[in-house]
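These numbers come from the heavy atoms of this one structure, side chains and all, not from hydrogens, waters or symmetry mates. Numbers restart at 1 for each chain; the letters A, B, ... are given by sequence-line order, proteins then strands.
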Amino acid sequence: MALLELRNLHVAVAGRRVVKGINLEIERGELHILMGPNGSGKSTLLKAIMGIPGYTVVEGEIMFEGRDMRDLKPHERARMGIAMAYQSTRPIGVTLSRLIRELCRLYGTSPADVSGLGLEELLNRELHKGFSGGESKRVELALTILQRPKLALLDEPDSGVDLESIRVVGKAINRLVERGAAVLLVTHTGIVAEYLRRVDEAHVMIDGRIVASGELPHLLREVRAKGYSGLAGGGANERS
Amino acid sequence: MSVVDELARAGGTALYLQRNYDVLRRVVADSLRRRGLLLEPLREAVSRHSWVRKLLWRALPREEGVGLHGAFLYVPPGLRIQAPLTFCFVVSEAEQLVHNIVVVDEGSEVLMTSACASTERGEAHKGYTEVYLRRGARLNYVMIHSWMRETRVTAKTGVEVGEGGSFTQFYTCLKSPSTLTSDSRALLERRATALLSTLYVASPGSSTTISSTLILAGEGSRGEVLARAVAVRGAALRLPTRIEARAPGSRGHIECRGLQLSPDSRIETAPILCSLHGGSQLTHEAAIGKISEEELYYLMSRGFTEEEATSLLVRGFLETGIKGLPKVMRPQVEAVLSILARKAVG
């Protein structure tokens, strides 16, 4: 049984269908990369898996460890082992140190689990308030690690950050994988992949559909050669 | 000697405990007594020291019918006391009227805490506290109170801060009563500073008014009023605040935030800035709102139930009001905030 299985998944936001028939399986410990242009539905897909209200499954199924997730609230999904690192978020009215303390209590983890991610200066600040892009990405990944997830949903952890921060982001993702987490990583450019020890499979999503899946180097070459628009006509879940 | 007495003595501090009108404990560490610190019932102090009588109702408007049932604290010049001097007032029957006077002499630095509470038979507590800080004196005053719902509470604090002096006041209530009226006002002389901070969670159906006033009377004086207030089901909260600048180079700021956890709660902020001198600078910001769904779902997606997430956000909201709190009091106040945050969603 796959850890995560999406079966013909359709997701609507404010009545508009954004994800249109996704089929995807992720096994335990696998790292999948999901690429695609802006507005292709990548973030919507992750939020639907996480169960965020407003991202409505209108057709199909999200199965996690063989269980249909449809009626579960976000906190129930999190406690089953799904965690999400957000692409961007408004300030959250809790200090980072308080949230770290509470997550460690909830998941039996330790602040030492996120050492080396450069959080020290941010601990007494309100979460994401005035954080730089790189700081927010590092913090999101650290919080995800502290949840000790079976499946980590990472929404563009490499966008809008400098190369040094991308290196730290890569390090954090490797740490997640070392600890046995499966990862679904959304990225525009795939740059972060250069810092990852292993990528099991990559997918290209365009207009709510997965149009190509296969090995990352091959897909990256295709994207660079043809552009996303060149892959758009390839049909759903075409294997490279 | 009780454990409490021993702790106060060994810790180099002082303790005053009054139930209704009976003084149950009055302990001063020998080291402080030798250096001239006085802690006595106000009635005794007025009869012994003629200068104390002159301070009665100087920092507060006179209230008829209030006797001399309270504490008098005098801190001599040049004394720095790190451990808190503690005052406890408990009303366990009918009405308790308390009048306290605190004098901190030149250059001294003191941390003072008050713990006021009531039992089920305590119908009303009225507390009047006058504080006089002489030149360069510093007082951190932390009030952590806990009231039975039935008790009616009135608290008035009047402060005079002498030249270059500093006064900070933190007020919070572990259990808020159904009716509370609090009024704190401080008058600042030349280059004096003051911070009046309130962290309050109004209990269901309660009616609360917490007023704070700063008079910037001296050149270069600076003051800030901070309020963080949370209203739950049916609670009505009023937070009138006022800063009046009367001298050049004075600066004042009001920051007042309210959080409504229930649609039938009510919060009213009324910040007033009044400048009587063109060389002063006064600002204010006030905001009232509810917890945003985005914040709530973010925390829920990290594994917290809706109640846990709300409690975390309430705690975070209150925590933004404790800047300037003395380090030694932080653990106690943080523990209080955690309890308040849990109660707010309970």
Over all atoms of both residues, closest heavy-atom pair of A/Met84 and B/Arg302: O-NH2, 2.9 Å
Looking at B/Arg233, I'd like to know if its CZ atom is crowded, meaning that more than 12 non-hydrogen atoms belonging to other residues, nucleotides or ligands lie closer than 6.0 Å. no
Test side-chain contact (heavy atoms from CB on, under 4.5 Å) on B/Glu295 and A/Leu127; report intermediate values, then the result. CA-CA 10 Å; B/Glu295 288 178 273; A/Leu127 188 60; over 6 Å; no
Chain B contact via A/Glu102 - side chain, backbone, both or neither, heavy atoms under 4.5 Å: both
Taking everything shown except B/Arg222 itself, do over 12 heavy atoms lie less than 6.0 Å from its CZ? no
For A/Glu121, look at atom CD and say whether over 12 heavy atoms of other residues, nucleotides or ligands are found less than 6.0 Å away. no
If you count heavy-atom pairs under 4.5 Å with chain A, which of B/Thr305, B/Val314, B/Leu296 comes out on top? B/Thr305
Any chance you could lay out the side-chain contact (heavy atoms from CB on, under 4.5 Å) test for A/Arg90 and B/Ser292, step after step, and finish with the verdict? CA-CA 10 Å; A/Arg90 281 172 33 192; B/Ser292 83; 4.3 Å; yes
By residue number, those in residues 91-101 of chain A with heavy atoms under 4.5 Å from heavy atoms of chain B are A/Pro91, A/Ile92, A/Gly93, A/Val94, A/Thr95, A/Arg98, A/Leu99
Stepwise side-chain contact (heavy atoms from CB on, under 4.5 Å) check, A/His75 with B/Leu299: CA-CA 8 Å; A/His75 75 273; B/Leu299 290 174; over 6 Å; no
Would you indicate whether A/Glu59, at its atom CD, is surrounded by more than 12 heavy atoms from other residues, nucleotides or ligands within a distance under 6.0 Å? yes
Counting only heavy atoms not in B/Asp264, do more than 12 sit closer than 6.0 Å to its CG atom? yes
What is the distance from atom NZ of A/Lys73 to atom OG of B/Ser301, rounded to the nearest 0.5 Å? 14.5 Å
Give the interface residues of residues 28-53 of chain A toward chain B, defined by a heavy-atom separation under 4.5 Å. A/Met50, A/Ile52, A/Pro53
Is it the backbone or the side chain of B/Tyr298 that comes under 4.5 Å from a heavy atom of chain A, or both, or neither? both
Checking heavy atoms, do the side chain of B/Glu308, its backbone, both or neither come under 4.5 Å from chain A? side chain
Got more than 12 heavy atoms from elsewhere within 6.0 Å of CZ, B/Arg266? no
One option among A/Leu143, A/Thr89, A/Ile82 has the most heavy-atom pairs under 4.5 Å with chain B, and it is A/Leu143
Is it the case that over 12 heavy atoms from other parts of the model lie below 6.0 angstrom from the CZ atom of B/Arg251? no
Heavy-atom contact with chain B under 4.5 Å, split by part of A/Leu106: side chain
Closest approach of A/Ala78 and B/Met300, non-hydrogen atoms and distance? CB-O, 4.3 Å
